[in-house]
Visitor: 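Here's a structure for you.
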Amino acid sequence: MLEDKSAYAVGTLRYTAAGLGIVLFWLLFGEFAIALRDRSAIPGVMELLRQHHASDTMIAVLVSALPALLGSALVPIVGFHSDRFRSRWGRRLPFLVGITPVAALVLVALGNCTAFGRATDHLLGTLSPGPDACVLAWFCVFWTVFEGVALVTLALYAGLVNDIVPRSVLGRFYAGFRIVSLVAGILFNLWFFRLTEHHLREVFLGIGLFFGVACMLMCVRLKEGEYGPPALDGAGAQASPTSWRAMGRAYWRECLSDRYFLLVFLALTASELTFMPFNTFSQLYADSLGMDKAVLGKLLATSYALSIGLSSVIGWMVDRYSAASVTVWTMGLYLCVACGGFLAVHDLQSFAVVYVLHVVVAGTYYTAAASLPMALFPRARFLQFDGAKRFLFCTSNIALSFLLGPMLDSTGHDYGLTLLSGALLAAASLIMFRRLARAARGRVGAASSV
């Protein structure tokens, strides 16, 4: 029996099973490189900030608020232009090829912040504010650039997946995506995490070079389909790709003034913010309880191994029941975990249990919700709508960071409050998803997605 060559289709692309397998392999290979870069960045820079005596407020601002401010501007702009960009190589790959070397180089630069800071302190002499201040100043520059390009890379990657992966396999693709990401995290925590205290420069150099080569190879091996003419603006006229007025009009009329999509943005933002408080300060939480870094790394690797076992099941459930349904169930589960953790954590053993539960449930969310924007946003303008969501998330992240950091400083580093914050955000997410479901019932084509 001949194989149906159109069994897997997306846009103008048609795949056989073997052809689709090759495309998914290169996408997952690129994701492994991106995940290794991102999963090494936070633990590495947290060690750098600890060594140079950054306060909780400074950490919250530098790690969350400052890059979020940059991302809230960059992602919507790049997304808008990428949706409307046309070239022989596609509308996502040219942007990815251009930004990948920058992302690799700035990761290498982050590993050299200490050297740059000490050199600057020596050059300034008596005018220097001190070696720690010089190191943190260089960190501010490189970290902001790194987070900006990292956010743009992730958005473009999501846009590429939206354009070349068939909807019928998105749940299982993101299960594989999650497994690959977790494997990268396990490898980092088992082999490299303990080296970040004294060999951060070498760790970031190796990971930066691997990321740059692997991501460029992914771009060379993949191919986008053909797209129609660029989208029209909100008034029905051809939108200039460089028109700021057209961009503002499109975001307002198509995204922010539509009540349904506004509820989508709020529900996704609340759910994405839920895990941020504990994720940001979990390493410092463990330090405050006297947990050894090797033990923390093993706990994280164990959590990732458990998540790998669950990923295939979650991917099947998403394709079977919808991403929105599984996401809502997961947020309800995390509400219980966060409330229980806030009340129960008082020593290393209780922290270890809650830490593993947090990572596993958060991983379940990331697997389930990965394809949710693709189910809720228009395919042709996916990155425009994703950019609007990202803008709302980033501005909310900034506000949360400015609340969380001072709160922890003023309470004597009571990191249990990060779990309480997560519980409140999970509850807000459930409320917004319930309102979204009601709004979707009266909207054609939306009810099946929510």
Side-chain angles (χ1 to χ4, degrees), residues 42-43 46 49-50 54-68 265-291 295-296 299-300 303 306-307 327-366 368-369 392-435:
I42 290 293
M46 289 297 287
L49 292 172
R50 184 191 66 81
S55 67
D56 288 340
T57 298
M58 180 177 290
I59 290 172
V61 171
L62 292 178
V63 176
S64 297
L66 189 61
F265 299 146
L266 291 173
L268 293 177
T269 295
S271 60
E272 287 184 25
L273 285 175
T274 294
F275 307 98
M276 188 275 279
F278 188 79
N279 282 342
T280 302
F281 291 98
S282 60
Q283 192 170 327
L284 297 179
Y285 199 169
D287 286 340
S288 71
L289 294 171
M291 178 171 284
V295 175
L296 183 62
L299 283 175
L300 192 55
S303 304
L306 292 173
S307 292
T327 298
V328 169
W329 298 339
T330 304
M331 295 310 297
L333 179 59
Y334 187 75
L335 176 60
C336 299
V337 170
C339 288
F342 173 68
L343 298 173
V345 171
H346 54 83
D347 56 17
L348 288 177
Q349 185 175 1
S350 56
F351 175 83
V353 172
V354 172
Y355 183 81
V356 171
L357 288 173
H358 164 86
V359 175
V360 171
V361 177
T364 300
Y365 164 79
Y366 292 129
L392 184 59
F393 168 77
C394 288
T395 52
S396 301
N397 196 8
I398 292 169
L400 182 59
S401 299
F402 277 105
L403 289 173
L404 195 59
M407 178 181 68
L408 293 175
D409 282 331
S410 64
T411 57
H413 311 293
D414 183 2
Y415 295 116
L417 293 174
T418 60
L419 289 166
L420 178 61
S421 300
L424 294 175
L425 287 165
S429 173
L430 290 171
I431 292 171
M432 295 311 304
F433 271 114
R434 183 175 181 181
R435 295 186 64 183

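For clarity, every value in this text was computed on a predicted model and none was experimentally measured.
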Visitor: Can L289 and D347 be said to form a side-chain contact (heavy atoms from CB on, under 4.5 Å), step by step?
Guide: CA-CA 7 Å; L289 294 171; D347 56 17; over 6 Å; no
Visitor: Just so I know, are the side chains of T418 and F342 near enough to count as touching, which here means a heavy-atom distance under 4.5 Å?
Guide: no
Visitor: Distance from T364 atom OG1 to L333 atom CG, nearest 0.5 Å?
Guide: 7.5 Å
Visitor: After noting the C-alpha distance and the side-chain angles of L400 and M276, does the key distance pass the side-chain contact (heavy atoms from CB on, under 4.5 Å) rule?
Guide: CA-CA 9 Å; L400 182 59; M276 188 275 279; 3.2 Å; yes
Visitor: How far does CG of L273 sit from CG of N279, to the nearest 0.5 angstrom?
Guide: 11.5 Å
Visitor: In the structure I gave you, are the side-chain heavy atoms of Y285 and M291 within less than 4.5 Å of one another anywhere?
Guide: no
Visitor: Compare all side-chain heavy atoms of L296 with those of Y355 and state whether any distance is below 4.5 angstrom.
Guide: yes
Visitor: Just how far is it from atom OG of S410 to atom CG of L417, taken to the nearest 0.5 Å?
Guide: 8.5 Å
Visitor: Taking all non-hydrogen atoms of both residues, which atom of V359 and which atom of S303 are closest, and how far apart?
Guide: CG1-CB, 3.4 Å
Visitor: Just to verify, what does A427 make a side chain to side chain contact (heavy atoms under 4.5 Å, CB included) with, not counting sequence neighbours?
Guide: L335
Visitor: If you round to the nearest 0.5 Å, how far is CG of L430 from CG of L425?
Guide: 11.0 Å
Visitor: Quick check for you: to the nearest 0.5 Å, what is the distance between L403 atom CG and S421 atom OG?
Guide: 9.0 Å
Visitor: Provide the closest heavy-atom pair for H346 versus S350 in the form atom of the first, atom of the second, distance.
Guide: N-OG, 2.9 Å
Visitor: For the CG atom of L266 and the OG atom of S396, what is their distance to the nearest 0.5 Å?
Guide: 8.0 Å
Visitor: Can you tell if the side chain of D414 reaches within under 4.5 Å of the side chain of M407, non-hydrogen atoms only?
Guide: no
Visitor: Any idea which heavy atoms bring S282 and F351 closest together, and the distance?
Guide: O-CZ, 3.8 Å
Visitor: Is L268 close to F393 at the side-chain level, that is, under 4.5 Å between some pair of heavy atoms?
Guide: no
Visitor: Taking only residues two or more places apart in sequence, or in another chain, which ones meet S429 in a side chain to side chain contact (heavy atoms under 4.5 Å, CB included)?
Guide: A270, S271, M331, F433
Visitor: Write down the atom of L419, the atom of G341, and the distance for their closest heavy-atom approach.
Guide: CD1-C, 3.6 Å
Visitor: For residues F275 and Y365, determine if any side-chain heavy atom of one lies less than 4.5 Å from a side-chain heavy atom of the other.
Guide: yes
